[in-house]
Amino acid sequence: MLIDFAPLRLPLYRRAQTAAVLQWVFSFLALAQCCIALFVFLLFTRLWFVSVLYATWWYWDRNTPYRGGRSFRFLRRLRLWNYFRDYFPIHLIKTADLDPKKNYIFGFHPHGVLVAGAFGNFCTEVTGFREMYPGLKPHLLMLPLWFRIPFFRDYIMSGGLVPSAKESAQYLLKRAEGGNVAVIVIGGAPEALDARPGALTLLLKNRKGFVKLALQYGASLVPVFSFGENEVFDQVNNPKGSLLRKIQERLQKVMGISLPLFHARGVFQYSFGLLPYRKPIYTVVGKSIDMEKEENPTQQEIDEIHQKYIEELIKLFEEHKPKYKLAEDKHLTFI
């Protein structure tokens, strides 16, 4: 007699998914603080030399994040990330081939609260990026602040993250043999303050630095839209001009990071908590916009490419929105 164990396995797999997502949320909210606390704590114990040795090595290694980082494939392929992917689930959608002999800037939209799609697709290897785009190596750009935190910097570098600084992007894009992808979340931290279900407003109208960078190094631009990115968390109401929004914007200017007050579901109930909703995320990678290298591009050239980029992003969104159950009257808005 055959016994079907599927009903028993499913709850166990669901628990593994929940645990994987919880550690991801914890990484953004508290792991950095824990790393700082551990570093300081060790200084006042008999293991003080661990922090001293790490500080010495940290100083010697301080430029590594700005030189392509130090990713480890076996960490990017951990089974943990399979659980993370399947929780939502997260999908990577390819629309065109990309030449591995070129360097690229992927413009990722929208930021969402915790960039789940960008992390799952470009900081792990469980959604098929390596197979879809052989010869290309993605690097997700993250605020430089996080790379100044002991231990935490090594954790995020292991997934292929590098600082969102000009010199960091330049290092990736000047590689003559190609194969590098700088994934830039164009809206950045300010856009996260507007991330909530149904939001389709992108901070892009006056963001042109990535276009200038692409022109200077002859890199190709690729628009990327992540359907469902804004659906996985709710956010406390913070309209422009409100006291909460003013405080958040002030903190963003001072600290460089935004602090959206987000919430979703709990571990054992669905009413309130910090666990994201189980909403599918479809990250669609568009076609490349190729251009000739121009070390000193004019403002007119930058504006023209920027407008072309917006048009391609709109086209990508409009072509794919019916597949992901968005109403016909839903369109992107740029600010």
Just by distance, do the side chain of S168 and the backbone of P163 share a donor-acceptor pair under 3.5 Å?
yes
Do side-chain atoms of S258 reach the backbone of A189 as a donor and acceptor pair under 3.5 angstrom?
yes
Does a donor on one side chain and an acceptor on the other come within less than 3.5 Å for S288 and S220?
no
Verify, without hydrogens or angle tests, whether E318 (side chain) and H331 (backbone) share a donor-acceptor contact under 3.5 angstrom.
no
Is the shortest heavy-atom distance from the side chain of L204 to the side chain of I310 under 4.5 Å?
yes
Ignoring hydrogens and geometry, is there a side-chain-to-backbone donor-acceptor pair from H306 to I302 under 3.5 Å?
no
Once you measure the plane-to-plane angle for F84 and F88, does it fall in the parallel (<30°), tilted (30-60°) or perpendicular (>60°) bin?
perpendicular
May I ask you to decide whether E312 forms a salt bridge with K308, counting only side-chain N to carboxylate O separations under 4.0 Å?
no
Between the side chain of H111 and the main-chain N/O of L203, is any donor-acceptor distance below 3.5 Å?
no
Would you indicate whether the side-chain heavy atoms of T18 and V267 approach each other to under 4.5 Å?
yes
State, with a plain yes or no, whether a side-chain heavy atom of F152 is found less than 4.5 Å away from one of C34.
no
K212, NZ atom: more than 12 neighbouring heavy atoms under 6.0 Å
no
Would you find a donor on one side and an acceptor on the other, under 3.5 Å apart, between the side chain of Y87 and the backbone of P276?
yes
Can you tell me how far CG of L75 sits from SG of C123, rounded to the nearest 0.5 angstrom?
12.5 Å
Any side-chain donor-acceptor pair under 3.5 Å between Q307 and D303?
no
Could you list the residues that satisfy side-chain contact (heavy atoms from CB on, under 4.5 Å) with Q300, not counting sequence neighbours?
T298, E304
Please assess V284 against F317 for the test side-chain contact (heavy atoms from CB on, under 4.5 Å), listing each intermediate value before the final yes or no.
CA-CA 9 Å; V284 184; F317 175 80; over 6 Å; no
For the atom pair CD (E229) and CG (L114), what is the distance rounded to the nearest 0.5 Å?
9.0 Å
For the residue pair Y277 / D234, report whether a side-chain donor-acceptor contact shorter than 3.5 Å exists.
yes
Taking side-chain hydrogen bond (donor to acceptor under 3.5 Å, both in side chains) as the definition, give me every residue that meets it alongside T127, ordered by chain and number, with sequence neighbours left out.
N121
More than 12 foreign heavy atoms under 6.0 Å from CG of D290: is that the case here?
yes
Verify same cluster id: Y324, V285 (apolar side-chain graph, 4.5 Å)
no
Quick check: does any side chain N or O of K94 sit under 3.5 Å from a backbone N or O of M132, one acting as donor and the other as acceptor?
yes
If the test is side chain to side chain contact (heavy atoms under 4.5 Å, CB included), which one of V181, N180, L161 qualifies with H139?
N180
Value for CG (D154) from CG (D61), rounded to nearest 0.5 Å, stands at 7.0 Å
Any chain of hydrophobic side-chain contacts (each under 4.5 Å) joining V222 to L332?
no
When you group the ILVMFWY residues by side-chain heavy-atom contacts below 4.5 Å and let the links chain together, are Y282 and V224 in the same group?
no
Looking only at atom types and distance, does a side-chain atom of R62 sit under 3.5 Å from a main-chain N or O of Y59, one as donor and one as acceptor?
yes
Is the centre of the Y66 ring less than 6.0 Å from the centre of the Y171 ring?
no
Checking salt bridge (charged side-chain N to carboxylate O under 4.0 Å, His left out) for the pair D194/R245: CA distance, chi angles, key distance, verdict?
CA-CA 10 Å; D194 289 315; R245 185 60 169 256; 3.1 Å; yes
Can we call the ring centroids of F225 and H109 under 6.0 Å apart?
no
We want to know whether R278 and Q17 form a side-chain donor-acceptor pair, criterion being a heavy-atom distance below 3.5 angstrom.
yes
Under the side-chain hydrogen bond (donor to acceptor under 3.5 Å, both in side chains) rule, collect the residues that match up with R77, sequence neighbours excluded.
none
Short side-chain to backbone donor-acceptor contact, N230 and A199, under 3.5 Å
yes
Do Y83 and Y13 make the cut of ring centroids closer than 6.0 angstrom?
yes
Side-chain heavy atoms of L136 within contact of R130, under 4.5 Å
no
Run the numbers on F72 and M157 for side-chain contact (heavy atoms from CB on, under 4.5 Å), then give the verdict.
CA-CA 8 Å; F72 296 102; M157 275 198 295; over 6 Å; no
Flag the pair Q216 / P297 as yes when at least one side-chain heavy-atom distance between them is below 4.5 Å, and no otherwise.
yes
Determine yes or no for a side-chain-to-main-chain donor-acceptor pair under 3.5 angstrom, with E231 supplying the side chain and P197 the backbone.
no
Would the number of heavy atoms belonging to other residues, nucleotides or ligands and lying under 6.0 Å from CH2 of W48 be above 12?
no
For R175, does the CZ atom sit with more than 12 other heavy atoms under 6.0 Å from it, leaving out its own atoms?
yes
Cation-pi check, K321 onto F227 ring (under 6.0 Å, within 45° of axis):
no
Out of V236, L29, V232, which residue meets the side chain to side chain contact (heavy atoms under 4.5 Å, CB included) rule with F262?
L29
Which of these passes side chain to side chain contact (heavy atoms under 4.5 Å, CB included) with I105: I186, L173, I289, V183?
L173
Side chains of F108 and I184, heavy atoms from C-beta outward: is any pair under 4.5 Å?
no
Does a side-chain N-to-carboxylate-O contact under 4.0 Å join K240 and E249?
yes
Please report whether the ring centroid of F28 lies less than 6.0 Å from that of W146.
no
Is Q299 atom CD crowded by more than 12 heavy atoms from other residues, nucleotides or ligands, each under 6.0 Å away?
yes
Quick one: pull up OG in S51 and CG in L42 and give me the separation to the nearest 0.5 Å.
4.0 Å
Is it the case that over 12 heavy atoms from other parts of the model lie below 6.0 angstrom from the CD atom of E131?
yes
Please say whether more than 12 non-hydrogen atoms of neighbouring residues, nucleotides or ligands are located less than 6.0 Å from CZ in R73.
yes
L141 versus A169, closest heavy-atom pair with distance
CD2-CB, 4.2 Å
Hey, is CZ on F41 packed in by over 12 heavy atoms from elsewhere, all under 6.0 Å?
no
Roughly how far, to the nearest 0.5 Å, is CG of L259 from CG of L261?
7.5 Å
Regarding S27 and Y155, do their side chains bring together a donor and an acceptor under 3.5 Å, going by distance alone?
yes
Validation row: R79, N82 side chains within 4.5 angstrom (heavy atoms)
yes
V52 side chain near W57 side chain, heavy-atom distance below 4.5 Å:
no
Interatomic distance, CD1@I281 vs CZ@F119, rounded to 0.5 Å, equals 12.0 Å
For D99 and Y104 the tightest heavy-atom approach is N-OH, 2.7 Å
